[in-house]
2 protein chains.
Amino acid sequence: MTARKENSTYTLNEKFITDCDLTYAANKIGGRWKIVILDKLGNRKLRFSELKKEFPYISERMLTLQLRALEQDELVKRTVYAEVPPRVEYELTPIALEFLPIFCQLSAWGKKNKMLKNNRS
Amino acid sequence: MTARKENSTYTLNEKFITDCDLTYAANKIGGRWKIVILDKLGNRKLRFSELKKEFPYISERMLTLQLRALEQDELVKRTVYAEVPPRVEYELTPIALEFLPIFCQLSAWGKKNKMLKNNRS
DNA sequence: TATGGTACAAACAAATTTGTAAGTAATGAC
DNA sequence: GTCATTACTTACAAATTTGTTTGTACCATA
C-alpha cells in the first residue's frame with residue numbers, strides 16, 4: 001500500500017521480524033489500540049458506537065482504521081445490517097479468541113508489577 | 001523528555017491505556033524490538049555484540065535505545081566490566097522472566113496461524 | 001422541508017518511532 | 001604512531017502511527 005524502498009533496512013528488519021513466530025503474533029496485536037479492542041470485544045458482539053464509548057478519547061478514524069486492520073487479519077468479523085440508521089456489529093473470530101487467555105496472563109503481569117512499582121515510589 | 005501538549009488527546013489516550021493492566025504490560029514489550037530482545041536473552045547473559053548478531057540489520061542506535069528502555073523498566077539488568085575493550089552483559093530480571101511463558105504461547109499462536117494462512121494462499 | 005442518528009471516508013497535520021552516518025574513549029598489539 | 005576492538009553517543013533524516021476536522025449517505029420522523 002504505502003510505497004517503501006525495497007531493501008531499506010526498515011523493510012529487511014520488518015521481514016526478519018514477521019518471519020519469527022513470536023513477533024508475527026505480536027505484530028497482530030501491536031500498536032496502541034488493537035489489544036484493548038480485542039479484549040473489550042471478548043466474547044460479545046459490539047456495535048461501532050458501543051466500542052467507541054469504551055475508549056473515551058479515541059477518534060473515529062482510529063477506531064475504523066484498527067477495526068479494518070483486525071478484519072484484514074481475520075481477528076474480527078464485521079457484520080453489516082441493512083437498516084436505517086445503519087447497524088454494524090463486530091465480534092472476535094475463533095483465532096482471536098485464542099488470544100484471550102494470553103491477555104489474561106499479560107493482565108495479571110501488569111496488575112502485579114504495576115503494584116510493585118507503585119509501592120516503591 | 002520530549003515536550004508534549006498536556007491535554008492532547010494523544011496524552012489522554014496514553015494515560016487511559018497505561019491505567020489498564022493489560023496495556024500496561026503490553027506497552028512494556030511493545031514496539032519493534034523489545035519482545036525479541038527479551039526472548040533472545042531468555043535465560044542467558046549476552047554481550048552487546050552478541051545480541052547485535054542476533055538481529056542482522058538492527059542499528060546499534062536502536063539496540064542501545066531499546067536496551068536502555070528495558071533497563072529503565074527493570075526488565076533487563078546491565079553489567080559493565082571495567083575492561084578494555086569494554087564488556088557489557090545483559091540479562092533478564094526476575095519480572096522479565098515471568099514473560100517467557102507468555103512468549104511461548106504467543107509463539108505457538110504465531111506458528112499455528114501463520115501456517116493456516118500460508119495454506120490458504 | 002428540515003433535522004437527526006449511524007458508521008464511516010478524505011484531506012491534512014502532529015507526534016512518535018526507526019534508521020543513517022559519523023565519531024568517541026581507552027588500551028594494547030603491531 | 002597507527003590501527004583494531006567494543007560499546008556506545010550525537011546529529012540528522014525518513015517512515016510510520018496517531019489525531020483533527022470536515023463531510024457524506026441513508027431514510028425516518030417532526
Q: Hey, could you give me the CG/CG distance between B:L92 and B:L46, rounded to the nearest 0.5 Å?
A: 9.5 Å
Q) What is the distance from atom OG1 of B:T93 to atom CD of B:E71, rounded to the nearest 0.5 Å? A) 10.5 Å
Q. Which heavy-atom pair separates A:W109 from B:I95 by the least distance, and what is that distance?
A. NE1-O, 2.9 Å
Any idea which of [options] is nearest the [X] side chain?
{"X": "B:R32", "options": "C:dA9, D:dG19, C:dG19", "value": "C:dG19"}
{"X": "B:W33", "options": "D:dG19, D:dT18, C:dG19", "value": "C:dG19"}
{"X": "B:M62", "options": "C:dT18, C:dT16, D:dT20", "value": "C:dT18"}
{"X": "A:S59", "options": "D:dC26, D:dT20, C:dC8", "value": "D:dT20"}

Q) Between B:K45 and B:T79, is any pair of side-chain heavy atoms under 4.5 Å apart? A) no
Output yes when at least one side-chain N/O atom of [X] is less than 4.0 Å from OP1 or OP2 of [N], else no.
{"X": "B:Y10", "N": "C:dT17", "result": "no"}
{"X": "A:T9", "N": "C:dT18", "result": "no"}
{"X": "A:T64", "N": "C:dA7", "result": "no"}
{"X": "B:Y81", "N": "C:dA26", "result": "no"}
{"X": "B:N13", "N": "D:dT18", "result": "no"}

Write down the distance between [atom1] ([X]) and [atom2] ([N]), rounded to a whole number of angstrom.
{"X": "A:E60", "N": "C:dA11", "atom1": "CD", "atom2": "P", "answer": "18 Å"}
{"X": "B:I35", "N": "C:dT17", "atom1": "CD1", "atom2": "P", "answer": "17 Å"}
{"X": "B:E83", "N": "C:dA26", "atom1": "CD", "atom2": "C1'", "answer": "13 Å"}
{"X": "B:L67", "N": "D:dT6", "atom1": "CG", "atom2": "P", "answer": "17 Å"}
{"X": "A:R68", "N": "C:dA7", "atom1": "CZ", "atom2": "C1'", "answer": "9 Å"}
{"X": "B:R87", "N": "C:dT27", "atom1": "CZ", "atom2": "C1'", "answer": "16 Å"}
{"X": "A:Q66", "N": "C:dC8", "atom1": "CD", "atom2": "P", "answer": "14 Å"}

Q) Between B:E54 and B:R44, does at least one N-O distance fall below 4.0 Å, as a salt bridge requires? A) yes
Q. Are B:R47 and B:Y81 in a cation-pi setup, meaning NZ or CZ lies under 6.0 angstrom from the ring centre and within 45 degrees of the ring axis?
A. no
Q: Using the ring of B:F16 (Phe, Tyr or Trp, six-membered ring only), decide whether A:R32 places NZ or CZ under 6.0 Å from its centre and within 45 degrees of its axis.
A: no
**Q.** Whether A:K52 side chain and A:I58 backbone form a donor-acceptor pair below 3.5 Å
**A.**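 Yes, A:K52 side chain to A:I58 backbone: donor-acceptor pair under 3.5 Å.
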Q: Find which nucleotide of DNA chain C each of B:Y57 and B:V84 is nearest to by heavy atoms, and output the residue with the more 5' nucleotide.
A: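 The answer here is B:Y57.
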Q. Counting only non-hydrogen atoms, which of residues 41-51 of chain A are less than 4.0 Å from DNA chain D?
A.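 Here the set is empty: none.
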Q) Between A:R61 and B:V88, which has a closest nucleotide on DNA chain D that is more 5'? A) B:V88
Q: For A:I58 and for A:P85, locate the closest nucleotide of DNA chain D by heavy-atom distance; then report the residue assigned to the nucleotide nearer the 5' terminus.
A: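 Mapping each residue to its closest nucleotide by heavy atoms, the 5'-most match is A:I58.
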